2 protein chains.
Amino acid sequence: MTTQVLADTLRSRGISPTQQRLAVYSYLLAHRTHPTADTVYQALCRDYPTMSRTTVYNTMRALFRAGLLRIVTIDAEEQHFDADTADHGHFRCTQCGELFDFDLPADTMRQCAPSGFQTDLFDVYATGLCPHCQATH
Amino acid sequence: MTTQVLADTLRSRGISPTQQRLAVYSYLLAHRTHPTADTVYQALCRDYPTMSRTTVYNTMRALFRAGLLRIVTIDAEEQHFDADTADHGHFRCTQCGELFDFDLPADTMRQCAPSGFQTDLFDVYATGLCPHCQATH
DNA sequence: AATAAAATTGTAATCATTACAAAACACCAT
DNA sequence: ATGGTGTTTTGTAATGATTACAATTTTATT
């Protein structure tokens with residue numbers, strides 16, 4: 001995805017596409033590993049020496065408000081960010097700590113969402129052992 | 001539920017039923033409002049003047065490990081505790097901040113859980129506007 | 001009662017996140 | 001270009017939930 005397209009995406013959501021915001025957003029799009037704010041910060045420090053943690057957080061909030069990312073709170077300690085806003089669940093392995101995506105059956109959201117409530121966000125979290133950690137057990 | 005029954009429940013899970021633990025657990029059973037650690041602490045302070053926040057946290061961890069409660073992380077700021085371990089979803093209203101329970105369609109968990117993973121915990125979170133806050137909008 | 005083990009408590013530390021104000025930057029009209 | 005205005009970024013300091021820890025108290029056991 002070109003920078004131009006990214007910039008247009010941000011603009012279309014009312015976010016002016018600054019260098020820092022583009023850097024954060026494109027990092028998220030390129031790394032589907034559910035990074036934390038600090039992980040993103042550490043990675044971008046190298047290329048953008050003036051990048052600050054606060055900017056990472058500010059950008060995350062802006063992207064979140066614009067519906068461009070999902071904040072994963074399956075880990076109580078720290079938030080993880082995910083630029084994939086399509087329907088999917090998150091699995092956390094209690095052994096290795098890794099976060100995995102998993103598919104949700106079609107229409108899960110519609111079936112599960114409580115009636116009478118206006119549901120804006122929908123998250124499915126599972127916790128346990130990933131295949132690898134089951135094996136080394 | 002009598003104190004005796006509660007004590008037996010704890011004992012059967014390998015948790016010795018101290019005064020403090022019984023107080024915390026019975027508070028959770030009586031108040032299905034998904035309280036935070038501080039809410040529980042503030043409430044129990046009156047009757048148990050020596051109760052400490054650390055004890056509340058310790059007890060929550062013990063109950064959680066024993067499978068007697070669920071830790072709700074839908075609110076990134078602080079954890080909420082729920083003694084109802086039966087299958088149900090949690091809804092958070094972004095306006096009033098309240099947490100609501102909602103029913104999940106039967107077998108949701110089985111249908112949604114990713115294959116190949118050993119799923120120990122399963123949480124469904126929805127966020128948006130509760131019926132009341134939709135009305136006052 | 002004496003001893004050992006476990007639980008509780010208060011305080012201090014940790015650490016992710018946010019508040020804030022100063023500096024840097026972008027945009028626009030003149 | 002220039003100056004002015006509003007936005008963005010940045011570093012530091014504050015916040016606040018949670019945990020670490022060591023001393024004290026309680027509980028269980030002999």
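None of these values were measured; they are calculated from a predicted model.
Summarising the geometry, the separation between CD on B:Glu77 and P on D:dA14 is reported as 20 Å, rounded to the nearest angstrom. When rounded to the nearest whole Å, the span between CE of B:Met60 and C1' of C:dA7 equals 16 Å. Atom C1' of nucleotide C:dA26 and atom CG of A:Leu10 are separated by 16 Å, given to the nearest angstrom. Atom CD of A:Glu78 is separated from atom C1' of D:dA17 by 14 Å (rounded to the nearest Å). Protein atom CG of A:Asp38 is 14 Å distant from nucleotide atom C1' of C:dT14, rounded to whole Å. Here C:dC15 presents its P atom at 14 Å from CD of A:Gln42, a figure rounded to the nearest Å. Atom CZ of B:Arg53 and atom P of D:dC21 are 20 Å apart (whole Å). In this structure, the CZ atom of B:Arg61 is 16 Å from the P atom of C:dA6, given to the nearest Å.
For the pair B:Gly67 and B:Thr85, the tightest heavy-atom approach, listed with the atom from each and the gap, is O-CG2, 3.6 Å.
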Between the protein and nucleotides 4-10 of chain D, list the N/O to N/O atom pairs that are separated by less than 3.5 angstrom.
from   : atom 1 : to      : atom 2 : distance (Å)
D:dT8  : OP1    : A:Ser16 : OG     : 2.8
D:dT8  : OP1    : A:Arg21 : NH1    : 3.2
D:dT9  : OP1    : A:Thr18 : OG1    : 2.4
D:dT9  : OP1    : A:Gln20 : OE1    : 3.3
D:dT9  : O3'    : A:Gln20 : NE2    : 2.9
D:dT10 : OP1    : A:Gln20 : NE2    : 3.2
D:dT10 : OP1    : A:Thr50 : O      : 2.9
D:dT10 : OP1    : A:Thr50 : OG1    : 2.3
D:dT10 : OP2    : A:Ser52 : N      : 3.4
D:dT10 : OP2    : A:Thr55 : OG1    : 2.9
D:dT10 : O5'    : A:Thr50 : O      : 2.8

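No donor-acceptor distance shorter than 3.5 angstrom exists from the side chain of A:Arg53 to the backbone of A:Ala37, with no hydrogens or angles considered. Side chain of B:Tyr41 to main chain of B:Tyr57: no donor-acceptor pair is present (N/O by atom type, distance under 3.5 Å, no hydrogens or angles).
A sub-4.0 Å separation between OP1 or OP2 of C:dA16 and a side-chain N or O of A:Gln79 is absent. Between A:Tyr57 and the phosphate of C:dT17, there is a side-chain N or O to OP1/OP2 separation shorter than 4.0 Å.
The closest side-chain donor-acceptor pair between A:Thr39 and A:Thr36 falls under 3.5 angstrom.
Atom CD of A:Gln42 has more than 12 heavy atoms from other residues, nucleotides or ligands within 6.0 Å. Atom CZ of B:Arg13 sits in a crowded spot, with more than 12 heavy atoms from other residues, nucleotides or ligands closer than 6.0 Å.
Residue B:Phe81 is the one, among B:Phe81 and B:Pro17, whose nearest nucleotide of DNA chain D lies closer to the 5' end (criterion: closest heavy atom).
B:Phe102 has its ring centre no less than 6.0 Å from the ring centre of A:Phe117.
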